[in-house]
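Each remark here refers to the structure printed beneath this line.
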Amino acid sequence: MSVTEIPAPLLEVRDLAVDLPVGKGHRPVITDVSFSLRAGESLGLVGESGSGKSMTVRSALRLLPAGSRVAGSIRWEGEDVYAMSRSRLRSWHASEVGFIHQDPRAHINPLRTIGDFLTEGLRASGVGRRESVEKAEALLERVGITEPRTRMRQYPHELSGGLLQRVMIASVLLVEPKLIIADEPTTALDVTIQESVMAILDDLRRHEGVSLVMITHDLDLAAAVTDRIAVVYAGQLVEEGASGSIHTEGLHPYSVGLLESRPSTTRRQRLRAIPGRPVAAFEAPPGCVFVDRCAHAVDTCREERPSLRPVQRQLVACHRAEDLQAPVVLAAGGAL
Amino acid sequence: MATPTLPAGTVTSTDDRAGGGPPSSGRALLASARRLAPLWRWVLLPLLTMLIASAVVFFALALAPGDPLAQALGSHPTAESRALLEAKYGLDRPLVVQYLSWLSGVLHGDFGTSIVQKASVWSLIAPRISVTLSLVAYAGVLVVVGGLASATLGTMVKPLGPLVTVVSAIGVAVPAYVAASVLSLLFVIQLGWFPALGAGDGLGDRLYHLTLPAIALAIGWGSYLSQVGRAALREESDREHVETARARGLSAGTVFRRHVLRNAAVPIVTVSALAVAALVVGATVVETAFGIDGLGSFFVTAVSNKDYASVEAVSLLLVVLFVLLTTALDAVHTLLDPRLRTPGASR
Amino acid sequence: MTTLALPSVLPRGARERFRSVDPVALVVGAVCALLVLLAVVGPMISGYDSQTGDILHAGEGPSAAHWFGTDALGRDIFTRAAVGARLSLVAPAVCVLIAAAVATVLALVSSWFGGWVDTAITRGLDIVFAFPSLLFALIAIAIFGTGITAPVIALSIAYVPYLARVARVTARRERHAAYITAGTLQGLAPSRVAIRHLLPSMFPVIRTQATIMYGSCLTDLAGISFLGLGVQPPVAEWGSMVNEGRTALLDGHPEEALFPGLLIVVTVVAFNLLAERFALREDRVK
Amino acid sequence: MVEQLTARHLRKEYRLRGGETLVAVHDVSFSVSAGDSLAIVGESGSGKTTCARIVAGLEPATSGTVLFDEQEVDAAQARVSARRWRARQVQMVFQDPYSSLDPRQSVNDSVSEVLAAHGLHDRRERAARTADLLDKVGLPERVGRSKPKQLSGGQRQRVAIMKALAVKPRLLILDEAVSALDVSVQAQVINLLSDLRASEKLAFLFISHDLGVVRQVSDRVMVMRHGRVVEEGSTDAVLDAPSDPYTQRLLDAIPRPGWKPVARAV
């Protein structure tokens, strides 16, 4: 490992590999993921179902089921996350990171009011009743909820999904976290509501210096709201780089394929679909994880798993990154 | 019910809210009334159910084969003595009239006359009610305390888990009459700690006499409550919102109280309430086994003697109790779960 | 290795999905096989008759000749328990099968037609539900007299609401699943969609519930015989044996009461475990 | 010209508890001519799916009429022949690939069942036709012997499409049929749908919230909001130069490079 400059990155994930317990055995969900995140930066973790993108952040936050095996190193401001004591871990979770989920409804106790949900953390840490209520109401307004007083008295089932997601964001903001992790925060929402929710997150990042890790299957969305993008496939990080450049000059055939698969709203044309279906880490072939779906695969790809290396301005895990540069750029340009 | 007759769907899952997973028996059982207006749901429907049930009991017994007067008439019945008795007990009137007069009598506290026992049914029931109630109350306390304590211990104290699992799995399968035999053998014959028969007089003596019967009665439902409670606690503590609460740094105790226990209350309350109702019926077996002269053993005697007036009266009492309990349970559910308060608001 | 355990990471049911060999299933299978063996060949190997006693050897404890001793009339307890197994095991099975059949049909009809049909069936079931099962059976005995037939039929009816409501929840959910809708759209006869597609979707949950019900039905029926209202002497049945054994129990010969009692407990435990396996499998299908 | 499908003044009301009425569809009319592809676009609660279900005969309209070849269809469709006739007019593919197939039936059996219901009684012919259909939706033969559980989401959705095609319908309703699929698989299915539309001379009624998908598969588009039609026209015209502010807002909400999301208070 190279000597990191001071200050240490906010979150650094090195050579992460995770096996989850399945019955009596284990099954790999992540085989090779590394990335780092500086304070105030935003990263999009992009991948399809089963790619391991959610598991990556769960591992990073040490939120895995009992019996999981984790290899590699995860550091928070230089501190080894897996060496944290129980109480340190709890206070870290409680005060420095915030988690926003795809399904806010499942993550808010249905039998308690929104007010209860928002204030219980504060109250537990000794803040007075009136003060915590005021703070919660202010935050509800901050995330664009009018009439916060009424909302505080309502139960989750009385609120729409979009509203609940705003409540979730407000609850995360209560503790003024350094990092917000948003796991497909808008997948279940309508586009116009997605826009509002993304605007709130974007605003937090820009104006309050919160770092953001955004997990999504939508490369366009990630490109629009994050600084850097990491593309994950079958438990491996296959490409990482600045959002703009991944979006226009993606090198890995999978990132390019993802972009070309997405139907354009501005032009009608036949889509260049990637053949086959996305695979999970445990089903991945021994060589390059993408080899079975790749149009450019050669023998080397079948035999040897490529590791992440710098090519142009990106990091790419592809043996043929250099060869494909020209045509791939052309293809990507054609799609836009 | 000697042991729980409830389908133990709750043991494996307590969730039918989202339509995923096997439905919980308790919820499924009580879900049907939920779409109705409050007056219907809380008042009219239960009353109607009681009314129909009372009619079912009355007409079924009235139409039963065999002669209700057989015993009263003795071995050499004459037409005159029959007519006399029929007139005396009102059996010469049309059935519907008999039913209505019985019903109005019941509403005035008059449960008719037992032809077999030649006494008013109320005079036979009344002294026995307190015996059965104390037995059921005793057993009910054992069920709730024992069931909940073992469920909580089995969940919170990990090493105790397997023990609770095994004990409750066996306990739920032990019928009260088998438990009665085993308890008698151990504590009456071998150790001589408890009396063999009777209900005892005075509070202390009664508690002493009723201890073994109450345990025998409570074993099945207590074990069932323990299983249901544990499944509910486990399921609730696996929920995403509990994870959120933990990740926020709330203490384990707070999370357990405010999010796990509170949310598991619905199936636990359901089973507790149904247990109480079932214990009353189960008292028939236990009272017979321990020679206690209560409502249960009285009912068994009435059944075997074809003492229809008494059977009707006790059946009606039990049905009314059962309906009242299920209605109350529905009301408690509404209090426990805000989602049930605004029907149709959630999708 | 992590210490913070938060299992909800995996979809529900996934945790159990890959269990390979199932020791519980083996034990349950063995117990069931032994019970059947007891009922079928038990009376033959003992060499005694279940109803004729040898008064000279009445009330004896276990011996080589009488493995579980003899009762007050000198009848071999092992033989009576084995013969009793036939009635004690078959009667609840009949009961549960009738209840399951009726409940399935009601749930199917109710979920298929919906509307007032559904309401009528549900209300009807509510009324039956107001009668605890044992009460229902006792009323039936009051009407039709002691014996096993009346309580079997009464319990069949009393168990219907428990099974039907659970089945109805499943059926109503499946009723609006896309494959059922698509079937109707594709011009399949409604009866075919209902019977070939909707009906089988209810089987797993019915199977689980019916298995649990078997245990409680066995307990209830034996309980009725224990009260002296069901199977009448001298016919052997587990519940009535527990009853008859009470006198001997107080005299220090607990075999007659305890042996059939133990058989009841073992059977019910086995069927409850079986039901639990079925429930797990239901989870796995989804 | 005779329109293949005409829906006139559809209105759908739902009675809520407390005596209120929810109008899910509010005087909506549209038509689809042979081989045409109409997309109904809208967010949740716009009434787009309700329209589709009314056309398919899954729900009766409170008022309004649905005509196939200017022939009115009876929503009750009591008779078997009427139901089969309707089945050949319109078929539907649903959103959730996991609930669209009977989990207990193999793919071959389920297709065969549909074929038999439509009068194809010879077993061998049915097998041949099933094989043909599998090929048409790009599935290998072995998929036919599989149970749905063994198939991926994309494969299941192909099977659902194939089952719909088995009836040889003239109109296919696709109710968010690709929105639950992974992007890379979604592209395959969209391409498949375009091919099938050409080769089978199918008309599409495409229900979607995704304007990108709509651009690829439809000739005309109808935008709905709160049960009303706010704009309709050729797909290119509506998406390139929307005239209704709501359509514009939908377009603005789509993430793209340089996109700046705007928050709205609720």
Side-chain angles (χ1 to χ4, degrees), chain B residues 1-9 11-12 16 19-23 25 28-29 32 49-50 52-53 57 60-61 64-66 169-170 172-175 177-178 181-182 184-185 189 196 238-240 243 246 277-278 281-282 284-285 288 299-300 302-304 306 308 311 315 318-319 322-323, chain C residues 6-8 12 122 126-127 129-135 138-139 141-146 159 162-163 165-166 169-170 173 205 208-209 212-213 215-216 219-220 222-223 226-229 239 242-243 245-246 249-250 252 254 257-258 261 264-265 268-269 272-273 275-276 279-280 282-283 286:
Chain B
M1 266 174 275
T3 49
T5 349
L6 252 196
V11 174
T12 49
D16 66 356
S25 55
L29 287 173
S32 63
T49 310
M50 291 181 202
I52 295 175
V57 171
L61 286 168
I170 295 172
V172 87
V174 176
Y177 45 90
V178 174
S181 300
V182 176
S184 299
L185 182 69
I189 318 283
D238 280 1
R239 289 204 188 280
E240 282 95 338
E243 179 183 340
R246 274 190 210 127
V281 188
T284 51
V285 171
T288 307
F299 187 58
V300 173
V303 166
S304 58
K306 292 191 176 285
Y308 292 154
V311 171
S315 305
L318 289 179
V319 167
F322 208 67
V323 172
Chain C
L6 291 168
S8 72
R12 210 151 294 171
T122 315
D126 282 347
I127 289 165
F129 180 66
F131 290 90
S133 60
L134 193 62
L135 174 66
L138 292 177
I139 294 173
I141 291 165
I143 298 168
F144 298 105
T146 52
Y159 285 153
Y162 295 90
L163 287 162
R165 290 185 192 192
V166 179
V169 172
T170 311
R173 185 180 58 228
V205 44
T208 308
Q209 296 301 327
I212 296 170
M213 212 119 261
S216 29
T219 311
D220 275 359
F226 171 82
L227 293 173
L229 301 172
V242 175
N243 187 23
R246 281 192 296 156
L249 182 101
L250 295 176
L258 289 195
I264 293 173
V265 176
V268 176
V269 169
N272 284 351
L273 286 176
E276 211 172 276
L280 274 182
E282 263 175 62
D283 264 357
K286 278 171 200 130

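For the numbers below, each heavy atom of this structure counts, side chains included, while hydrogens, waters and symmetry mates do not. We name chains A, B, ... by the order of the sequence lines, and we start the count at 1 in each one.
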pair [X]-[Y]: side-chain heavy atoms closer than 4.5 Å:
X: C:Asn243; Y: B:Tyr177; value: no
X: B:Val303; Y: C:Leu227; value: no
X: B:Pro175; Y: C:Val265; value: yes

Query - Part of C:Leu138 lying under 4.5 Å from any heavy atom of chain B - result: both
Query raised in the report: Side chain, backbone, both or neither: which part of C:Ile127 has a heavy atom under 4.5 Å from chain B?
Result: both
Closest heavy-atom pair and its distance - [X], [Y]:
X: C:Ala130; Y: B:Thr49; value: CB-CG2, 3.9 Å
X: C:Ile143; Y: B:Ala60; value: CD1-CB, 3.5 Å
X: C:Pro132; Y: B:Phe322; value: CG-CD1, 3.9 Å

Query - For B:Tyr308, ring pair (Phe, Tyr, Trp, His ring centres under 6.0 Å) partners two or more places apart - result: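 Expected list: none.
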Query raised in the report: Non-hydrogen atoms of chain C under 4.5 Å away: do they reach the side chain of B:Val319, the backbone, both or neither?
Result: both
Query - Under 4.5 Å from a heavy atom of chain C, the part of B:Ala169 involved - result: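 The answer is the backbone of B:Ala169.
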Query - OG1 on B:Thr284 to CG on C:Leu134, rounded to 0.5 Å - result: 5.0 Å
Query raised in the report: Picking from C:Leu249, C:Leu273, C:Val269, which has the most non-hydrogen pairs under 4.5 angstrom with chain B?
Result: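 Between C:Leu249, C:Leu273, C:Val269, the count favours C:Leu249.
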Query raised in the report: Can you list the residues that meet the side chain to side chain contact (heavy atoms under 4.5 Å, CB included) rule with B:Ser315, with sequence neighbours excluded?
Result: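 Partners of B:Ser315 by the side chain to side chain contact (heavy atoms under 4.5 Å, CB included) criterion, ordered by chain and then number, come out as B:Val57, B:Phe299, B:Val311, C:Leu135, C:Ile139.
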